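Bear in mind the structure is a predicted one, so any value in this text is a computation, not a measurement. In each ligand, atom 1 is the first atom listed, and ligand 1 is the first ligand listed.
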Amino acid sequence: MKRFTMTRVGDIDEALQASQGAPARYVAGGTTLVDLMRQDVERPEHVIAINRLALATIDAAADGGLVLGALATNSAVAHHPRVRAEYRVLAEAILSGATTQIRNMATTGGNLLQRTRCIYFRDPHAACNKREPGSGCPAITGFNRNLAVLGTSEHCIATNPSDQNVALMALDARISVRSAAGARTIPIGEFFVLPGATPNIETTLQPGELIVAATLPPMRGWRSHYLKLRDRQSYEFALASAAVAVQLAGTTVTDVRIALGGVGTIPWRAPEAEAALRGATVSRTAFRAAAEIALNGAQSQSENAFKIELATRCLTQALIEVTA
Ligand SMILES: Cc1cc2nc3c(=O)[nH]c(=O)nc-3n(C[C@H](O)[C@H](O)[C@H](O)COP(=O)(O)OP(=O)(O)OC[C@H]3O[C@@H](n4cnc5c(N)ncnc54)[C@H](O)[C@@H]3O)c2cc1C
Ligand code: SF4
């Protein structure tokens with residue numbers, strides 16, 4: 001592990017001040033960053049421990065939504081009574097991931113920025129455009145069974161591994177950030193960046209910006225659900241997952257939001273599939289047709305073609321379950 005200095009900060013201004021100067025990284029629960037530093041994949045010169053900041057709150061938003069503080073742990077969010085009642089998709093997504101111990105440490109902000117599980121990215125001796133821009137992408141001809149089929153480029157096919165973020169995408173969350181220049185809010189649809197020719201850039205967050213909250217819109221009257229398919233039932237990342245939220249009038253879908261996990265280089269929103277379902281009558285046929293639309297344009301590699309049908313079935317089943 002490269003040598004680094006560490007500062008523990010007590011308030012947001014102190015955190016922003018500490019992030020000026022040498023390349024710095026915030027650390028919250030540490031369940032992503034510390035692993036990557038130990039593996040010599042991430043090499044920050046300066047680490048800023050933010051876990052004492054007053055950002056672990058979960059509060060009602062003025063519009064009736066819910067504000068998740070960046071340091072609210074994944075466990076606290078998943079078990080919050082309003083999340084369980086009104087944002088079931090988020091509770092189910094979080095509880096499908098990792099382990100109780102990790103969820104007790106993992107934070108909302110840290111989860112937003114967790115890194116891919118591509119094995120080449122996590123091996124500092126391998127080439128990897130995401131870790132070392134311009135070095136190549138061995139996954140395209142190598143081990144790619146768990147990698148992406150949507151949003152890929154010739155430079156990177158890594159999957160965004162998060163479950164939480166797929167639910168946040170379907171919920172249209174807004175990410176609030178602070179920097180020395182002020183505050184801004186990023187719609188989650190504009191937070192993640194496709195790999196293109198620069199897979200090392202994963203989000204629109206700027207250096208030194210601190211995530212302070214993720215805000216969920218009011219969702220009363222919606223039903224929602226997260227379905228995750230993986231090689232084993234616990235302690236495993238998604239091969240394919242679907243986050244769905246629907247509003248029904250009788251058996252008619254009046255509104256719907258869909259996001260896919262495990263198959264995209266970013267948490268994958270499916271607006272064309274949503275459009276196809278608005279006004280449709282609940283049926284397996286309509287759901288399967290929408291799921292096929294969601295996977296339109298999917299591009300597989302040597303080992304992951306199975307994901308296209310798996311994700312199609314996953315989304316179809318998630319829609320059947322949420323409307324049952
Ligand atoms: C064994 C294992 C299994 C896992 N399984 C799953 C799974 O099945 N599904 C799943 O979704 N996840 C899984 N995870 C990932 C886990 O959810 C993440 O590691 C966790 O959410 C990261 O949160 P953290 O607070 O620990 O982040 P940290 O490690 O503290 O930080 C992660 C990144 O975010 C940055 N950061 C943190 N907070 C902020 C902030 N407020 N503002 C700006 N930058 C910030 C850090 O600089 C760092 O780059 C697993 C992790 C492990 C170790
Ligand atoms: S898929 Fe992306 S993360 Fe994996 S080796 Fe290629 S460039 Fe690196």
Please say whether [X] places an N or O atom under 3.5 Å from an N or O atom belonging to ligand 1.
{"X": "Lys228", "result": "yes"}
{"X": "Ala28", "result": "yes"}
{"X": "Leu205", "result": "no"}
{"X": "Leu210", "result": "no"}
{"X": "Tyr26", "result": "yes"}
{"X": "Thr32", "result": "yes"}
{"X": "Thr107", "result": "yes"}
{"X": "Gly29", "result": "yes"}
{"X": "Gly30", "result": "yes"}

Worksheet entry | Ala311: partners by side-chain contact (heavy atoms from CB on, under 4.5 Å), with sequence neighbours left out | Ala240, Val263, Leu295
Backbone of [Y] reached by a side-chain donor or acceptor of [X] within 3.5 Å:
{"X": "Ser179", "Y": "Gly208", "answer": "no"}
{"X": "Arg269", "Y": "Met169", "answer": "yes"}
{"X": "Thr57", "Y": "Gly69", "answer": "no"}
{"X": "Thr204", "Y": "Glu190", "answer": "yes"}
{"X": "Arg43", "Y": "Asp40", "answer": "yes"}

Close-contact set for ligand 1 against [X] heavy atoms, below 4.0 Å:
{"X": "Val27", "value": "30 (O)"}
{"X": "Asp163", "value": "7 (C), 8 (O), 9 (N), 10 (C), 11 (O)"}
{"X": "Ser162", "value": "11 (O)"}
{"X": "Tyr235", "value": "1 (C)"}
{"X": "Gly97", "value": "7 (C), 8 (O), 9 (N)"}

Nearest atoms (heavy-atom pairs only) where [X] meets [Y]:
{"X": "Ser96", "Y": "Tyr226", "value": "OG-CE2, 3.5 Å"}
{"X": "Ala214", "Y": "Thr108", "value": "CB-CG2, 4.1 Å"}
{"X": "Asp123", "Y": "Arg131", "value": "O-NH2, 2.8 Å"}
{"X": "Thr265", "Y": "Gly151", "value": "OG1-O, 2.8 Å"}
{"X": "Ala294", "Y": "Ala270", "value": "CB-CB, 3.8 Å"}
{"X": "Asn146", "Y": "Arg117", "value": "ND2-O, 4.5 Å"}

Tell me which protein heavy atom sits closest to [atom], plus the residue, atom name and distance to 0.1 Å.
{"atom": "atom 15 (C) of ligand 1", "result": "Gln114 OE1, 3.4 Å"}
{"atom": "atom 7 (C) of ligand 1", "result": "Ala98 N, 3.3 Å"}
{"atom": "atom 4 (C) of ligand 1", "result": "Phe237 CZ, 3.3 Å"}
{"atom": "atom 39 (C) of ligand 1", "result": "Ile50 CD1, 4.0 Å"}
{"atom": "atom 41 (N) of ligand 1", "result": "Ile211 O, 3.0 Å"}
{"atom": "atom 31 (O) of ligand 1", "result": "Gly110 CA, 4.0 Å"}
{"atom": "atom 49 (O) of ligand 1", "result": "Arg25 NH2, 2.5 Å"}
{"atom": "atom 20 (C) of ligand 1", "result": "Thr31 OG1, 3.2 Å"}

Quick one: does [X] get a heavy atom under 4.0 Å from ligand 1?
{"X": "Glu236", "result": "yes"}
{"X": "Arg115", "result": "no"}
{"X": "Met37", "result": "no"}

Once you restrict to heavy atoms under 4.0 Å, what part of [X] touches ligand 1? Side chain, backbone, both or neither.
{"X": "Ile102", "value": "side chain"}
{"X": "Asp35", "value": "side chain"}
{"X": "Glu209", "value": "backbone"}

Worksheet item: Which is it for Asn104 and Ser75 under the side-chain hydrogen bond (donor to acceptor under 3.5 Å, both in side chains) test, yes or no, and what are the steps along the way?
Response: CA-CA 5 Å; Asn104 286 344; Ser75 294; 2.6 Å; yes
Worksheet item: With hydrogens left out, which residues have an atom under 4.0 Å from ligand 2, given that only heavy atoms count?
Response: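 These residues qualify: Cys118, Tyr120, Phe121, Cys128, Asn129, Lys130, Cys137, Pro138, Ala139, His155, Cys156, Ile157, Ala158.
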Practice prompt. Decide, yes or no, whether a salt bridge links Lys228 with Glu236 under the criterion of side-chain N to carboxylate O below 4.0 Å.
Written response: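 Salt bridge flag = no for Glu236 with Lys228.
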Item to complete: Using a strict 4.0 Å threshold on nitrogen-to-oxygen distance, state whether Glu86 and Arg220 make a salt bridge.
Response: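 Yes.
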Worksheet item: Strictly by modelled atom types, are Ser162 and Asn111 linked by a side-chain donor-acceptor pair under 3.5 Å?
Response: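 Their side chains do contain a donor-acceptor pair, which is all the 3.5 Å distance test asks for.
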Discussion item. Can you see whether Asn296 engages Glu272 through a side-chain donor-acceptor pair at a distance of less than 3.5 angstrom?
Written reply: no
Worksheet item: Which ILVMFWY residues can you reach from Phe143 by hopping between side chains whose heavy atoms are under 4.5 Å apart?
Response: Ile119, Tyr120
Item to complete: Considering only Ile, Leu, Val, Met, Phe, Trp and Tyr, and joining two whenever side-chain heavy atoms are under 4.5 Å apart, list the other residues clustered with Leu55.
Response: Val9, Ile12, Leu16, Tyr26, Ile48, Ile50, Leu53, Leu71, Leu210, Val212
Worksheet item: Step by step, would you call Asn165 with Phe191 a side-chain contact (heavy atoms from CB on, under 4.5 Å)?
Response: CA-CA 11 Å; Asn165 300 342; Phe191 186 80; over 6 Å; no
Item to complete: Could you name the option among Leu113, Leu33, Val212, Ile175 that has the heavy atom nearest to atom 35 (C) of ligand 1?
Response: Leu113
